[in-house]
There are 2 protein chains.
Amino acid sequence: MARHLEFDEDAVLTSAMRAFRKDGYQRSSIKMLEQATGLSSGSLYNSFGGKDAIFQRAFAHYNETVVKRRIDTYLAGRPAKEGLTALFVSLLDEPGGGSVGCLLTNSAVEFAGGPCPAEADLKHGFALLRSAFEESLVSLPAANAERAASDALRLLVFYQGLLVMIRGGADKADLRKVIAHEIETIIGDINA
Amino acid sequence: MARHLEFDEDAVLTSAMRAFRKDGYQRSSIKMLEQATGLSSGSLYNSFGGKDAIFQRAFAHYNETVVKRRIDTYLAGRPAKEGLTALFVSLLDEPGGGSVGCLLTNSAVEFAGGPCPAEADLKHGFALLRSAFEESLVSLPAANAERAASDALRLLVFYQGLLVMIRGGADKADLRKVIAHEIETIIGDINA
DNA sequence: ATTATTTTAAAATTACCATTTTAGAAAGGG
DNA sequence: CCCTTTCTAAAATGGTAATTTTAAAATAAT
């Protein structure tokens, strides 16, 4: 047989993920991925197959780590209002002021013209968030299943818009107020 | 003196705008812009200066035509609820099912890492929408100026999120329901 | 220790991109 | 009618992209 891989795949995917989050798929060149991961292009191609494949793996890694952790940290076993507010506010306070970027938002926009190399992961990421929002909402005492499903999508729309406006340079304090209003009215409406 | 321009600048900007909306700045190569506009690269460079300049001009054109027309068509002299609903729903029904894309959304995301060649136009486009939303909301009988300003940003966040989710392939009927709920609660809240 | 096999690094390849240059065609003032 | 200016088209340039190939280093079973 032969030797083992010399690098930690998880660490490489995390680095690649960071590059894609910050600069998008197209602007992240192989050269930048070499610098970000510490691997040479030869190793990257040998280990993953190509840029598309690296992106796909990094995207899956994003869903499994960033998205799921975010859901777990803020929503799991917490009252809906408190958890959702904390989750949305946390988007404002990301290291670098949200400048890391959301792979879901970025990819939905970047690949709107054609197919995304991680199409399934994109859909899956959206579904993860939507289900988590829905689960949080149905836990409310006065919850209605059908309405929770619709409001979960509404929160997802709001979530994506928030990330766009953060990237667009909107004022953080203003957005904080907007988050409070949005969540209050959605939950207030359910309880009404 | 010398001869005149042989093409219609407005028509060229409209074509370039369409290309940028559909494929973004980076993916719209000069070759594609040649095909879209019918001009050769020589003429494009001679007339506009370069890709950045074409983008900037196309962006300004987008604000002046698409954004302003949209505001005028749906919000001018109409009750807030009716106008805003019509405006947001119209995003779903764009030719190609919203696949043309919004230059504001796309650019905010595409240029989040660095500077946008049309930075001022990007800010201006956001401001146009935000002011229009605000104006629509302050016209409500029970309006409060401060709250209207905040709710206008909230609508802008929602607007951007909607465009992301349209590009991300969300179900149109579901989004229609979400739009109705969002506008109803914002306006209901003001009247309450 | 040898050898087969894989990893790695670096150079080579191929393609495309933005831009410039060059050469030629088309005005409009004199 | 001519000649300068500006427009257009096409080829040329320089850079960078993704990927492949080549060669060397490393490893693990025999």
Side-chain angles (χ1 to χ4, degrees), chain A residues 1-59 106-107 110-111 113-119, chain B residues 1-59 106-107 110-111 113-119:
Chain A
M1 282 302 195
R3 59 187 288 201
H4 298 1
L5 236 52
E6 256 187 16
F7 55 84
D8 174 13
E9 204 184 61
D10 254 35
V12 166
L13 288 177
T14 300
S15 305
M17 180 187 83
R18 182 162 34 237
F20 287 127
R21 287 178 73 180
K22 180 167 174 291
D23 296 316
Y25 174 85
Q26 181 134 287
R27 291 188 137 87
S28 300
S29 68
I30 296 290
K31 185 179 285 192
M32 287 165 74
L33 291 174
E34 283 185 291
Q35 291 182 307
T37 61
L39 294 187
S40 69
S41 66
S43 300
L44 286 172
Y45 274 86
N46 200 317
S47 307
F48 297 97
K51 193 183 173 185
D52 282 16
I54 298 171
F55 181 72
Q56 190 276 314
R57 294 289 309 279
F59 207 132
N106 299 357
S107 302
E110 180 170 5
F111 296 104
C116 169
E119 191 70 35
Chain B
M1 281 304 199
R3 60 187 288 201
H4 298 18
L5 235 53
E6 255 187 15
F7 54 84
D8 174 13
E9 205 185 60
D10 253 34
V12 167
L13 287 177
T14 300
S15 304
M17 181 187 83
R18 183 161 34 238
F20 286 127
R21 288 178 72 179
K22 180 167 173 293
D23 295 316
Y25 174 84
Q26 182 136 288
R27 291 187 134 87
S28 299
S29 68
I30 296 289
K31 185 179 284 191
M32 287 165 76
L33 291 173
E34 283 185 290
Q35 292 181 306
T37 62
L39 295 186
S40 70
S41 66
S43 300
L44 286 172
Y45 274 86
N46 201 318
S47 309
F48 296 97
K51 193 183 174 186
D52 282 16
I54 298 170
F55 182 72
Q56 190 275 315
R57 294 288 308 280
F59 208 132
N106 298 358
S107 302
E110 179 170 5
F111 296 104
C116 169
E119 191 70 35

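Side-chain atoms are counted along with the backbone in the values below, which use heavy atoms only and exclude waters and symmetry mates. The shown structure was predicted, so the numbers you read here are calculated from the model rather than taken from an experiment. Quick note on labels: first sequence line is chain A, next is B, and so on, each numbered from 1.
- Ring geometry, B:Y25 versus B:F20: the interplanar angle falls under 30°, so the pair is classed parallel (tilted spans 30 to 60°).
- C:dA9 atom C1' lies 12 Å from atom CG of A:N46, rounded to whole Å.
- Remark: side-chain polar atoms of B:Q35 are not paired, donor with acceptor, to backbone N or O of B:M32 under 3.5 angstrom.
- Between B:L39 atom CG and D:dA10 atom P there is a gap of 13 Å when expressed in whole angstrom units.
- Pairing each heavy atom of A:A36 with each of A:S15, the nearest pair is O-CB, 3.3 Å.
- Residue B:L44 contributes atom CG, which lies 14 Å from atom P of D:dA10 at whole-angstrom precision.
- Distance, A:Q35 CD to D:dA17 P: 10 Å, rounded to whole Å.
- You'll find the side chain of A:R27 stays beyond 4.5 Å of the side chain of A:K22, heavy atoms only.
- Minimum interatomic distance between B:A53 and B:F48 (heavy atoms only, all atoms of both residues): CB-O, 3.1 Å.
- Atoms CD (A:E9) and P (C:dT8) sit 12 Å apart, rounded to a whole Å.
- A donor-acceptor pair is defined here as one N or O able to donate and one able to accept, closer than 3.5 Å; no such pair exists between the side chain of B:N106 and the backbone of B:G24.
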Output one line per pair: protein atom, nucleotide atom from nucleotides 16-19 of chain C, and distance, for all N/O pairs under 3.5 Å.
residue: C:dA18; atom: OP1; partner: B:K51; partner atom: NZ; Å: 2.6
residue: C:dA18; atom: OP2; partner: B:I30; partner atom: N; Å: 2.7
residue: C:dT19; atom: OP2; partner: B:Y45; partner atom: OH; Å: 2.5
residue: C:dT19; atom: OP2; partner: B:K51; partner atom: N; Å: 3.1
residue: C:dT19; atom: O5'; partner: B:Y45; partner atom: OH; Å: 3.1

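- DNA chain C is contacted by no residue of residues 10-19 of chain A, taking any non-hydrogen atom closer than 4.0 Å.
- For the pair A:E119 and A:F59, the minimum side-chain heavy-atom distance is 4.5 Å or more.
- Counting only residues at least two apart or on different chains, no salt bridge (charged side-chain N to carboxylate O under 4.0 Å, His left out) pair has a member in residues 33-56 of chain B.
- Spacing between atom CZ of A:R27 and atom P of D:dT16 amounts to 15 Å, rounded to whole angstrom units.
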